[in-house]
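To start, the structure itself, in structure tokens.
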There are 2 protein chains.
Amino acid sequence: MDAKSLLKEHVSKIVSLTDEQFEYFFSHFKTETYKKGQTVISEGQNVDKEYFVISGCLKSFYVNDEVKMYILQFAMPTWWASDYAALYNKTKATINVDCISDVEILSLSNDDREKLCREIHEVEHFFRWRTNRGYVASQKRLLSFMNNDTKTRYEELLALYPALYNAVPKHLIAAYLGVSRETLSRLYNASKPH
Amino acid sequence: MDAKSLLKEHVSKIVSLTDEQFEYFFSHFKTETYKKGQTVISEGQNVDKEYFVISGCLKSFYVNDEVKMYILQFAMPTWWASDYAALYNKTKATINVDCISDVEILSLSNDDREKLCREIHEVEHFFRWRTNRGYVASQKRLLSFMNNDTKTRYEELLALYPALYNAVPKHLIAAYLGVSRETLSRLYNASKPH
DNA sequence: TAACGAATGTGATCTACATCACGTAATCAA
DNA sequence: TTGATTACGTGATGTAGATCACATTCGTTA
């Protein structure tokens with residue numbers, strides 16, 4: 001499916017926009033393509049856009065002083081990604097976003113989002129809905145982190161993103177789960193049929 | 001400060017409502033008071049309201065099968081609390097909310113919030129803003145969980161809620177940090193002057 | 001003011017996972 | 001095809017924090 005249709009279908013699930021409204025809405029997005037491994041947002045820079053994934057897979061992640069990486073999100077088609085803390089507060093990025101595969105994404109600037117939200121009530125409703133979902137998902141993941149062991153979280157992750165299993169290297173899955181790649185490897189091989 | 005003024009001041013920081021609009025907005029809230037230890041939301045029941053804290057302190061928490069408690073949030077005055085997953089998805093509560101002290105809160109039903117969001121664009125903007133902040137805070141806490149040791153998270157918590165230190169028993173702080181009360185006790189006493 | 005339960009402190013032991021070290025397999029670029 | 005880089009597996013060892021057990025202090029209520 002092309003970018004415009006994908007976005008339209010995604011938005012239509014939540015709010016009804018007239019064709020003119022959607023055209024206007026869509027006119028604020030810009031198509032961008034990246035190759036596997038390229039960087040979309042990197043730590044320290046200004047962030048003024050968020051991204052809607054059309055094809056491929058992004059990851060957003062934090063890297064600490066000891067160069068350990070923690071993945072906040074894998075963004076598959078119809079998912080949104082950015083450094084929202086930096087975007088909303090107009091501060092420098094503290095997280096990175098890059099491409100796990102070749103990707104096509106639509107970018108929307110913070111100013112344009114806010115303008116669209118002001119101009120079209122339905123658009124504001126859509127973005128409120130979107131953040132609500134993100135908030136609930138984030139709380140759920142936090143709880144799972146506190147409550148469940150690594151194996152359970154690994155199974156949860158595969159249930160949430162079944163496509164990931166073959167799409168991304170295992171050390172990235174470990175970085176999402178917050179464990180070392182060695183631990184994930186042992187875990188994974190322990191439950192294999194022998 | 002009385003409930004109405006506190007809510008008005010809180011909302012005014014983000015959006016401008018006319019006096020009539022605010023009166024109308026406020027008319028959908030209901031004052032509720034609880035004693036220390038009473039339950040506001042408990043697991044398994046239907047959830048149809050969210051709460052704005054006027055005075056006192058709530059906690060929202062999850063209890064797992066082994067009866068271990070994990071605190072998602074301490075809600076102080078001007079903070080909002082509910083089981084948002086249950087509220088938004090109209091499912092049964094999986095988390096509990098109860099009172100750490102005597103409290104006064106304002107309740108707003110889900111239906112009324114949605115109605116107000118439809119009727120007054122500014123109100124929708126306010127709630128979008130509120131969820132955005134919650135989302136960013138939740139992501140930040142998740143990262144801290146993955147990246148920092150218990151001591152660092154303990155110091156972060158006290159920086160975020162300085163009032164907590166004397167306001168709540170230490171085993172609740174442990175439940176927020178996701179560690180056992182014994183571990184927190186040792187941590188805390190290790191850094192004491194002798 | 002007595003007494004009971006809740007909150008806290010602290011030792012001993014156990015365990016999941018990190019870290020380090022090294023080897024092998026797969027992928028990619030020239 | 002080959003060399004280099006990246007992904008992955010696995011043993012040995014270290015450690016933060018869990019768990020269990022029990023003592024002590026504090027607060028509430030009768």
Side-chain angles (χ1 to χ4, degrees), chain A residues 35-39 57 59 61-71 74 98-102 144-158 164-194, chain B residues 35-39 57 59 61-71 74 98-102 144-158 164-194:
Chain A
K35 290 284 172 196
K36 176 176 175 175
Q38 285 187 305
T39 296
C57 184
K59 67 175 191 285
F61 60 103
Y62 171 75
V63 179
N64 73 5
D65 298 339
E66 295 92 49
V67 204
K68 272 177 63 170
M69 175 181 75
Y70 297 100
I71 293 179
F74 293 110
D98 72 12
C99 303
I100 292 179
S101 63
D102 292 357
S144 178
F145 223 95
M146 294 202 276
N147 189 34
N148 299 133
D149 62 14
T150 304
K151 188 174 184 187
T152 307
R153 297 203 317 278
Y154 173 63
E155 283 154 8
E156 268 181 11
L157 175 64
L158 291 189
L164 273 193
Y165 185 79
N166 292 311
V168 315
K170 308 253 179 299
H171 74 268
L172 293 185
I173 294 183
Y176 181 94
L177 296 174
V179 295
S180 69
R181 55 166 204 84
E182 292 95 331
T183 294
L184 181 64
S185 170
R186 279 183 253 265
L187 208 87
Y188 167 70
N189 283 75
S191 46
K192 247 187 199 159
H194 40 264
Chain B
K35 291 282 172 199
K36 176 177 175 175
Q38 286 189 305
T39 296
C57 184
K59 67 175 191 283
F61 59 103
Y62 172 76
V63 179
N64 73 5
D65 298 339
E66 293 94 48
V67 204
K68 271 176 63 169
M69 176 182 74
Y70 297 99
I71 293 181
F74 293 110
D98 72 12
C99 303
I100 293 179
S101 63
D102 292 357
S144 177
F145 223 95
M146 295 203 275
N147 189 36
N148 298 133
D149 62 14
T150 303
K151 188 172 186 190
T152 307
R153 297 204 315 280
Y154 173 63
E155 283 154 9
E156 266 180 12
L157 175 65
L158 291 190
L164 273 193
Y165 184 79
N166 291 312
V168 314
K170 307 254 180 298
H171 74 267
L172 293 186
I173 294 183
Y176 181 95
L177 296 174
V179 297
S180 69
R181 55 168 203 82
E182 292 95 330
T183 294
L184 181 64
S185 170
R186 279 183 253 266
L187 208 86
Y188 167 70
N189 283 75
S191 45
K192 247 187 199 159
H194 41 264

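In what follows, chains carry the letters A, B, and so on, assigned in the order in which the sequence lines appear, proteins first and then strands, with residues in each chain numbered from 1. Please read all numbers here as calculations on a predicted model, not as lab measurements.
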#### Entry: Length of the CG-P vector between Asn189(A) and dT24(C), whole Å
17 Å

### Query
Between the side chain of Gln38(B) and the main-chain N/O of Lys35(B), is any donor-acceptor distance below 3.5 Å?
yes

#### Entry: Lys59(B) NZ to Ser101(B) OG distance, which is reported to the nearest 0.5 Å
10.5 Å

### Query
Under the 6.0 Å and 45° cation-pi test, does Lys151(B) pair with Tyr188(B)?
no

### Summary
Its contact letters, B for base, S for sugar-phosphate only and - for none at protein heavy atoms under 4.0 Å, make nucleotides 11-30 of chain D read BB----SSBBB---------

### Message
Could you check whether any side-chain heavy atom of Asn64(B) comes within less than 4.5 Å of a side-chain heavy atom of Tyr62(B), counting everything from C-beta outward?
### Response
yes

### Query
Are side-chain heavy atoms of Glu156(A) and Ser144(A) found at a separation under 4.5 Å?
yes

### Query
Are more than 12 heavy atoms from other residues, nucleotides or ligands located less than 6.0 Å from atom NZ of Lys170(A)?
yes

### Message
Can you measure Tyr188(A) atom OH to dG9(D) atom P for me and round it to whole angstrom units?
### Response
7 Å

### Query
Using a heavy-atom distance cut-off of less than 4.0 Å, which residues of residues 169-176 of chain B contact DNA chain C?
Pro169(B), Lys170(B), His171(B)

### Message
If we ignore hydrogens and angles and just use 3.5 Å, is the side chain of Asp98(A) paired with the main-chain N or O of Gly37(A) as donor and acceptor?
### Response
no

Cut-off 3.5 Å, no hydrogens considered: what does the side-chain donor-acceptor table look like for residues 171-180 of chain B, sequence neighbours left out?
unit_1: Ser180(B); atom_1: OG; unit_2: Thr183(B); atom_2: N; d: 3.2
unit_1: Ser180(B); atom_1: OG; unit_2: Thr183(B); atom_2: OG1; d: 3.1

